[in-house]
S.K.: 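One structure coming up, written as structure tokens, with questions to follow.
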Amino acid sequence: MTTTSNVPAYGRFGGFGGRYVPEALIPALEQLEEVWRKAVVDPEFVGELERLQRTYTGRPSIITEVPRFAEHCGGARVILKREDLNHTGSHKINNVLGQALLTRRMGKTRVIAETGAGQHGVATATAAALLGLECVIYMGRKDTERQALNVARMRLLGAEVVAVDHGSKTLKDAVNEAFRDWVANVGTTHYVLGTVTGPHPFPEMVRDFHRVIGVEARQQVLDLVGRLPDAVLACVGGGSNAMGIFHRFIDDGSVRLIGLEAGGEGVESGKHAARFSAGIPGVLHGAFTYVMQDEDGQTVESHSVSAGLDYPSVGPEHAHLLESGRAEYRAVTDVEAMEAFSLLSRTEGILPAIESAHALAGAMQVGRELGRDAVLLVNLSGRGDKDVHTAAEWFGLIGGDGSARLPDDDGAKGLGVQQ
Amino acid sequence: MSVGPVLEKCRAENRAALIGYLPVGFPSVEGSIAAMAVLVESGVDVVEIGVPYSDPVMDGPVIQDAAVRALAGGVRLKDIFTAAREVSGAGAGALVMTYWNPVLRYGVERFAADLVAAGGAGLITPDLIPDEAGEWISAADAHDLDKVFLVAPSSTPERLEAVTSQCRGFVYATAVMGVTGARASVGEAADALVSRTREHTDLPVCVGIGVSTGDQAAEVGRFADGVIVGSALVRCLTEADSEEQGLKALGALARELADGVRRSRS
């Protein structure tokens, strides 16, 4: 194991983070940091971003208390931060609009992005359309298959979607391919990295573009219940929605910050994306953070029913929050997440993204632990429209040929009961 | 042992050094070591022993493909020490080229100690910049190993100064912006980068990425201290119908390249 005591603190969260990229990209990262730091104190940039958040994204996003769902959470009060109601259907738009505006400031004309579930790709394609930027989205072949509708959405928005056939054909390989593109085209191209990992300044910058989630939610919860929540819960793939809602609460020592990772088929099965349960510190995609890896440092493939959480690494600030003890992380299995997905749909009329369903499953656990007096704030990071096909297959609502399967058909399964 | 003396010898012969890359473990560990021996016999001065890695963001399709196949074949990190022993035993410089995480996982200090023991000269680190390399720089200095960092056409004068001041052995100039892979033209950008780099260092400057023919090697050898060839050599092995054919094609290309660097300044 490495020690981090002798590395510089620049671009680090505790010992985590840094800039582990080819030299060729360093000038672009330096330019990005300079332009970003100037922009966020420039009233023109700040005003433009706020205007877009208000008139395009639909911010502030509301909070919704969900009492019927909360009956399954030990009777605790459960409040959802509705990032699912943002334009494009998830929190991803917050970051993308910021980076797209920075792209224009840098004089670049082309954006590229990786995507797993497709939420970030759709958001990037949207921002590119809005600002007239050329857009290429890299997506693992396996993800293009399980998120076919989002591929169509991106193409309808004018983006080129490139299916990546290398490696595990999922999100990590899409990131690799985006980096390869970026090295070759960095003069004209900005890489709109979609989460709070990658080389500095991405983890800090992406977090700050999402910080609005927690800033709004903290005040909204205070207004609604007159006190801070006992716990804030969010799913953690790369970890952008979680950092977005956590960050404003970090100094509120009484508020537990709980990240929910994809436990896949169970941590003991080896088929999961529970980096904090099974990973160890290492470098992937430019950052020193927790990585699922074998004893030779080769990345181990992750598994999850949720394409957006199916990633073998995690943002470095989460690694720091874990090691410093400020946040805690739990693994939620596919089965638990899909049960929560079904419950929220049936009790509240809200179809969550399967990613966000991991946070809901966490709320079911934590609520039962804390009981009726607890107030839980859950980041509902995205909506489940993109997941209808996956969920329909999971619950046996469609046959192998995609046709509807009704309750009295052979092989149909009941809703609300996990497989 | 540093590759410095090898490069000095080439300089004394008024020619560029030929540096050839092959990943360990393709088509097998033994096969890759045999291929490295062919490189040395055919006039390669320094062998870059590549560590196959699951997420090679700097590599194009040819090297990615070889890495995937090497990993599927069961290559282990420790196999590079065997390769380093063979290459240095054959009289060539043995530099290991690796993405950073395998070294980090192995333990930086332990890796440096084992590399020295195997006769390795040092490391080329494509995704480790000197700014993040404190632990490696200490270990390399303690074990008398070369530290080859990369410069790129995008590097500013400040970056060229910062990077070259931490290099030992040579400076690796990536001739074009982009991933590894053979290119039709290796062009003026490389010449300009070498000139700009020389303003900051007296170390040899070797040029990589894109060379695939003897004529290109001759062209680059006119202005660079070393010509680095990777994908074109790897392709001899990945596209061959048999190991024997692969080694034959590899030897022929290596000889063509070796001839190229020898006639470039005549």
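Proteins come first, then strands; the chains are lettered A, B, ... in the order of their sequence lines, and each starts at number 1.
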S.K.: Are more than 12 heavy atoms, taken from residues, nucleotides or ligands other than B:E161, located less than 6.0 Å from that residue's CD atom?
M.R.: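 Correct, the count exceeds 12.
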S.K.: Report yes if the side chains of B:Y53 and A:T299 come closer than 4.5 Å at any heavy-atom pair, otherwise no.
M.R.: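 SC-SC contact between B:Y53 and A:T299 confirmed.
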S.K.: Would a 4.5 Å heavy-atom cut-off, applied to side chains only, mark A:L284 and B:D55 as touching?
M.R.: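 A side-chain contact exists here, since the closest heavy-atom pair is under 4.5 Å.
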S.K.: I want to check something: taking the side chain as every heavy atom from C-beta on, are B:L104 and A:F288 in contact at a cut-off of under 4.5 Å?
M.R.: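 In short, these two side chains touch, coming nearer than 4.5 Å.
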S.K.: Is it the backbone or the side chain of B:P56 that comes under 4.5 Å from a heavy atom of chain A, or both, or neither?
M.R.: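 Both the backbone and the side chain of B:P56 come within 4.5 Å of chain A.
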S.K.: At a heavy-atom separation under 4.5 Å, does B:T174 approach chain A through its side chain, its backbone, both, or neither?
M.R.: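 Neither part; nothing is under 4.5 Å.
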S.K.: Would you indicate whether the side-chain heavy atoms of B:N101 and A:V283 approach each other to under 4.5 Å?
M.R.: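 Yes, at least one pair of side-chain atoms sits under 4.5 Å.
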S.K.: Does the side chain of A:R180 come within less than 4.5 Å of B:M58's, by heavy atoms?
M.R.: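 The answer is no; the side chains never approach within 4.5 Å.
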S.K.: Tell me, do A:E23 and B:V163 make a side-chain contact under 4.5 Å, heavy atoms counted?
M.R.: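 Counting from C-beta outward, A:E23 and B:V163 do come under 4.5 Å.
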S.K.: NZ/B:K78 to CG/A:D296 distance, rounded to the nearest 0.5 angstrom?
M.R.: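 Those atoms lie 8.0 Å apart.
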S.K.: Is any side-chain heavy atom of B:M177 closer than 4.5 Å to one of A:N185?
M.R.: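 They are not in side-chain contact.
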S.K.: For B:E132, which of A:H200, A:R12, A:R19 qualifies under side-chain hydrogen bond (donor to acceptor under 3.5 Å, both in side chains)?
M.R.: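 Running side-chain hydrogen bond (donor to acceptor under 3.5 Å, both in side chains) over A:H200, A:R12, A:R19 with B:E132 returns exactly one hit, A:R12.
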S.K.: Is chain A contacted by the side chain of B:V151, its backbone, both, or neither, given a heavy-atom distance below 4.5 Å?
M.R.: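 For B:V151, backbone heavy atoms alone lie under 4.5 Å from chain A.
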S.K.: For each of B:P52, B:S154, B:P130, tally heavy-atom pairs with chain A at distances under 4.5 Å, and name the one with the top tally.
M.R.: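 Of the candidates given, the most pairs with chain A belong to B:S154.
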S.K.: Using 0.5 Å steps for rounding, measure from the OG atom of B:S54 to the CD atom of A:Q293.
M.R.: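 Reported value, rounded in 0.5 Å steps: 9.0 Å.
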S.K.: Compare all side-chain heavy atoms of B:L128 with those of A:Y20 and state whether any distance is below 4.5 angstrom.
M.R.: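 Yes, at least one pair of side-chain atoms sits under 4.5 Å.
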S.K.: Give, as side chain, backbone, both or neither, the part of B:D59 having an atom under 4.5 angstrom from any heavy atom of chain A.
M.R.: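 For B:D59, the backbone is the part near chain A, not the side chain.
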S.K.: What heavy-atom pair brings A:I26 and B:I129 nearest, and what distance separates the two atoms?
M.R.: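 Looking at all heavy atoms of both residues, the shortest contact is CD1-CD1, 3.5 Å.
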S.K.: In Å, rounded to the nearest 0.5 Å, how long is the span from CZ of B:R76 to CG of A:D294?
M.R.: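 Reported to 0.5 Å precision, the distance equals 7.0 Å.
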S.K.: Specify the closest pair of heavy atoms between B:R159 and A:E30, including all atoms of both residues, with the distance to one decimal.
M.R.: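 Smallest heavy-atom distance, with atoms named: CD-OE2, 3.8 Å.
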S.K.: For side chain to side chain contact (heavy atoms under 4.5 Å, CB included), just list the numbers for A:N176 and B:V57, CA-CA rounded to whole Å, side-chain angles, deciding distance to a tenth of an Å, and then say yes or no.
M.R.: CA-CA 5 Å; A:N176 291 342; B:V57 294; 3.3 Å; yes
S.K.: Give, as side chain, backbone, both or neither, the part of A:E301 having an atom under 4.5 angstrom from any heavy atom of chain B.
M.R.: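 It is neither, since no heavy atom gets under 4.5 Å.
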S.K.: Let me know if A:V186 has heavy atoms under 4.5 Å from chain B in its side chain, its backbone, both or neither.
M.R.: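 Side chain only.
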